[in-house]
Visitor: 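Provided herewith is a single structure, encoded as structure tokens, for subsequent inquiry.
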Amino acid sequence: MAFLLERAREPTHRVAAFRTAAAVVDTLGPEELDRRIRTRTLTDLRGIGPKTGAAIVQAHAGEVPEYLARLEESHGELVPLADDVAEFRALLRGDLHVHSDWSDGGSPIREMAEAAIGLGHEYVALTDHSPRLTVANGLSAERLERQLDVVAALNEELAPFRILTGIECDINVDGSLDQTDELLGRLDVVVASVHSDLRADSTAMTERMLTAVADPHTDVLGHCTGRLLVPREQREGRRQRPRPESTFDAEAVFSACVEHGTAVEINSRPERLDPPLRLLNLAVDLGCEFAVDTDAHAPGQLDWQGNGCERAVECGVPPERVVNTRTAEDLLAWTAG
Ligand SMILES: [Zn+2]
Ligand SMILES: [Zn+2]
């Protein structure tokens, strides 16, 4: 039940029914919770209805709570953003972390771009996965080369909108990046993320992240803790269980981000919401720059930036320190620098 509670405690979580249900579950001991699930008497408790009750049962069985997932997918449209969050979001000109069906996204590049245009974006960075992430159909150097040609052709058609070329590049265990130097140098935006050995000890993880952040190709440090708040379905029926944050010396890593001009991503995916607020506050205090990204794998997910903006506002992120408030021209000058 931990993730239900964690979600409900997230200040961004706007679904009051879940907050109430989670609070009720919180008062039950594990045995009482088991008994109530077994005897189907959860809904006898005040504050737990049929839908929240079903979600609790599913979560208890380690299943994806469908109702919660649906709420997460739709609540951005259902619940208007607070005025200050809406203002912050209106400052964003694009999104620097977007996947297509070339890796593990569900839609062609063109559909992602058209959805971004529909949201009023001026640009998106197409950041499909790197070769090592085979479970996500990561792009070999050859496939990435081909993608660059496809993007160039689409850009002719979609101008003035711009698809920035990019990659979500795995950070190898030794901190190096999982693509050739030559190709990384040709891309507009490089998001570097840890996707493996997430449970490494803090010293090893810190070293690994420091090396990646200092790499001259790295522009954005993706979802820095790797946490997953809810289980999720992946390609080919794979399921990922919730997982805690990786442990690393956040002060050292964020300081290195400041030193090397690497932006810290504020990942807006509902199951990530990474970094956690305490680390986001730390990054603000240390003077980091940020990218508020969706990590969208489908067109509708491009609308998730409100999640990240809400957290940015909550932690007092100055908009001028958010690199995707900049024009494409200014952004490219920054990534090239
Ligand atoms: Zn990732
Ligand atoms: Zn991603």
Side-chain angles (χ1 to χ4, degrees), residues 72 94-107 109 112-113 115-116 124-139 143-144 147 163-173 175 177-179 184 187-200 205 208-209 212-213 215 217-235 238-246 248 253 262-276 279 290-305 307-308 324:
E72 292 288 4
D95 194 328
L96 299 186
H97 187 162
V98 171
H99 297 273
S100 75
D101 60 4
W102 282 60
S103 64
D104 61 345
S107 300
I109 301 168
M112 297 303 285
V124 290
L126 178 63
T127 55
D128 277 314
H129 288 287
S130 63
R132 195 159 295 207
L133 209 60
T134 49
V135 293
N137 197 21
L139 273 61
R143 288 179 70 221
L144 181 53
Q147 188 182 68
I163 304 168
L164 305 176
T165 59
I167 187 171
E168 181 181 14
C169 197
D170 265 45
I171 299 175
N172 296 324
V173 172
L177 299 182
D178 178 33
Q179 190 45 278
L184 290 173
L187 299 173
D188 294 325
V189 176
V190 173
V191 177
S193 309
V194 171
H195 289 121
S196 61
D197 291 284
L198 289 155
R199 300 273 71 78
M205 185 61 90
R208 180 180 182 184
M209 293 174 80
V213 159
D215 191 297
H217 294 306
T218 303
D219 301 308
V220 177
L221 175 63
H223 50 68
C224 63
T225 78
R227 72 173 180 172
L228 281 184
L229 295 166
V230 295
R232 60 175 188 175
E233 299 290 340
Q234 286 200 301
R235 296 165 76 243
R238 280 193 186 80
R239 287 196 54 237
Q240 279 185 310
R241 300 162 66 81
R243 61 176 177 242
E245 302 166 21
S246 296
F248 58 94
V253 170
T262 296
V264 174
E265 177 179 76
I266 300 175
N267 189 297
S268 302
R269 293 192 66 80
E271 81 278 20
R272 286 198 183 274
L273 297 176
D274 204 357
L279 292 187
F290 299 92
V292 180
D293 293 339
T294 61
D295 197 354
H297 286 66
Q301 298 176 1
L302 286 164
D303 202 24
W304 280 346
Q305 265 177 332
N307 295 340
N324 50 326

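Remember, it's a predicted structure, so these values are computed and weren't measured experimentally. Read the numbers this way: they start at 1 and go in the same order the structure lists the ligands and their atoms.
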Visitor: Side chains of Leu228 and Arg241, heavy atoms from C-beta outward: is any pair under 4.5 Å?
Guide: no
Visitor: Any N/O/S of His223 under 2.8 Å from the Zn ion (ligand 1)?
Guide: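 So His223 counts as coordinating the Zn ion (ligand 1), yes.
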Visitor: Angle class for the His195/His129 ring planes (parallel below 30°, perpendicular above 60°, tilted otherwise)?
Guide: perpendicular
Visitor: Measure from the Zn ion (ligand 2) to each N, O or S atom of His297 and report whether any distance is below 2.8 Å.
Guide: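 Within the cut-off used here (under 2.8 Å), His297 places no N, O or S atom near the Zn ion (ligand 2).
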Visitor: Is His129 close enough to the Zn ion (ligand 1) that one of its N, O or S atoms comes in under 2.8 Å?
Guide: no
Visitor: Among Val264, Asp293, Thr127, find the residue that satisfies the side-chain contact (heavy atoms from CB on, under 4.5 Å) test when tested with Val220.
Guide: Asp293
Visitor: Indicate if the distance from the Zn ion (ligand 1) to the nearest N, O or S atom of Glu168 falls below 2.8 Å.
Guide: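 So Glu168 does bind the Zn ion (ligand 1) by this criterion.
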Visitor: Quick check: do Arg199 and Pro244 have side-chain heavy atoms less than 4.5 Å from each other?
Guide: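 Side-chain contact under 4.5 Å: yes.
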Visitor: Test Leu221 against every option in Val191, Val253, Val194 by the side-chain contact (heavy atoms from CB on, under 4.5 Å) rule and name the one that passes.
Guide: Val253
Visitor: If I consider every N, O or S atom in Asp295, which one ends up closest to the Zn ion (ligand 2)? I only need its name.
Guide: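 The closest N, O or S atom of Asp295 to the Zn ion (ligand 2) is OD1.
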